[in-house]
Protein chains: 2
Amino acid sequence: MTPTSTEETGTWAESARERISEAGLRRSTPRQRVVDLLDQQDCAITALEIDARLDRVGRATVYRAIEQLEELGLVRKVDLGGSAFGYEKVEPSGHHHHHIVCDECGKVEPFEDDALEEAIHEIHRKGFKLESHEVTLHGHCSDCD
Amino acid sequence: MTPTSTEETGTWAESARERISEAGLRRSTPRQRVVDLLDQQDCAITALEIDARLDRVGRATVYRAIEQLEELGLVRKVDLGGSAFGYEKVEPSGHHHHHIVCDECGKVEPFEDDALEEAIHEIHRKGFKLESHEVTLHGHCSDCD
DNA sequence: CTTATACTGAGATTGAATCTCATTATTATC
DNA sequence: GATAATAATGAGATTCAATCTCAGTATAAG
Ligand SMILES: [Zn+2]
Ligand SMILES: [Zn+2]
Ligand SMILES: [Zn+2]
Ligand SMILES: [Zn+2]
């Protein structure tokens, strides 16, 4: 019974492929490989991690691909407290999570909270058209108390 | 009627001075100058901006002072989308704000929202002792629509 | 004042991110 | 399938925020 585990996989990658073509960008192999690797992750990954995992794909290409995906709203940049930023896919459904970070050891855990989302959704600011948000909770994990 | 505008000024700088001594750190002039400059700001300022505004204070000292103030919980690091991080004082009262950023031009505006704070306050995560949080809203300002 | 040592700052170094540009791959047209 | 136009690539150079080094200095205790 493996089909269940794969039926939702590819949803983001597919929409990403569509949007890339719609934007007039070519479907090059290196870019596809970045998309596929991001698709496999459940949470954020750094640009240099992507670069390290993709042999034969240049650093510049990885950064350029991320930048384009970000502009297309397909990828979100997140500050996880470390020295580099993380990037994670943006589901077309709008479903997403935020992060809890241990300031001591750097451990990151994703979390979801409906009341939080509702509170954020209610915020309106004159002179600003809000499009996304980032929430990071900081603290200490049980290993670091 | 100027007294009203200054009566609350200095509260943070004072508590910072106390905490610095309590922590066994010396009250050196360069560190005091960093504290005073941070005290004057209503929102975040980058380390290099502090360095640029303080002649005769070295870059290393600025970064070290910020690091120590951060560890003492007197300063908060915020990602404002630019190339460098911003730092702002943490009021002893707990009163604070979050940020709205224009992804187009980089403009940053502080905002406060009680319902949001309440929602965050209700979040509990097993295995984590939460201590602070960062919220950033992204969008486009009226100049960039 | 003297001593012990925390602190400082100019400059070197690191490392994530960006840029350059000659070469290659993709797409449209024939 | 071949051809032309050009978007995309990647090795290496470059930028710049942030960190590190270490000899000299300032601070605070006695
Ligand atoms: Zn995540
Ligand atoms: Zn959310
Ligand atoms: Zn602020
Ligand atoms: Zn808050």
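In what follows, chains are A, B, ... by sequence order, proteins preceding strands, each numbered from 1.
- Residue A:Phe111 is found in a hydrophobic cluster whose other members, listed by chain and number, are A:Ile100, A:Leu116, A:Ile120, A:Ile123, A:Phe128, A:Leu130, A:Val135, A:Leu137, B:Ile100, B:Phe111, B:Leu116, B:Ile120, B:Ile123, B:Phe128, B:Leu130, B:Val135, B:Leu137; membership requires side-chain heavy atoms under 4.5 Å apart, directly or through intermediates.
- Checking A:His96 against A:His133 by side-chain atom types alone, a donor-acceptor pair falls below 3.5 Å.
- Under the rule for a side chain to side chain donor-acceptor pair (under 3.5 Å), the partners of A:Asp103 that lie at least two apart in sequence or sit in another chain are A:His138.
- Residues of residues 20-36 of chain A that place a heavy atom closer than 4.0 Å to DNA chain D, in numerical order, are A:Leu25, A:Arg26, A:Ser28, A:Pro30, A:Arg31.
- For the pair A:Lys77 and A:Phe85, the cation-pi criterion (under 6.0 Å, within 45° of the ring axis) is fulfilled.
- Think of the region where chain B sits on DNA chain C: with heavy atoms and a 4.0 Å cut, that region ends 5' and 3' at C:dT5 to C:dA10.
- Remark: A:Arg59 CZ is loosely packed, at most 12 non-hydrogen atoms of other residues, nucleotides or ligands lying under 6.0 Å away.
- Straight-line distance from the CZ atom of B:Arg17 to the C1' atom of D:dT27: 17 Å, rounded to whole Å.
- In this structure, the side chain of A:Glu88 engages the main chain of A:Ala44 through a donor-acceptor pair within 3.5 Å.
- The pair B:Asp55-B:Arg33 fails the salt-bridge criterion, with no side-chain N (NZ, NE, NH1 or NH2) lying under 4.0 Å from an Asp/Glu carboxylate O.
- Comparing the end axes of the helix from C:dC1-D:dG30 to C:dC30-D:dG1, each fitted to five base pairs by superposing C1' atoms of four pairs onto the next four, gives an inter-axis angle of 40° (nearest 10 degrees).
- The stretch residues 59-74 of chain B comes close to DNA chain C through B:Ala60, B:Thr61, B:Arg64, each having a heavy atom under 4.0 Å from the strand.
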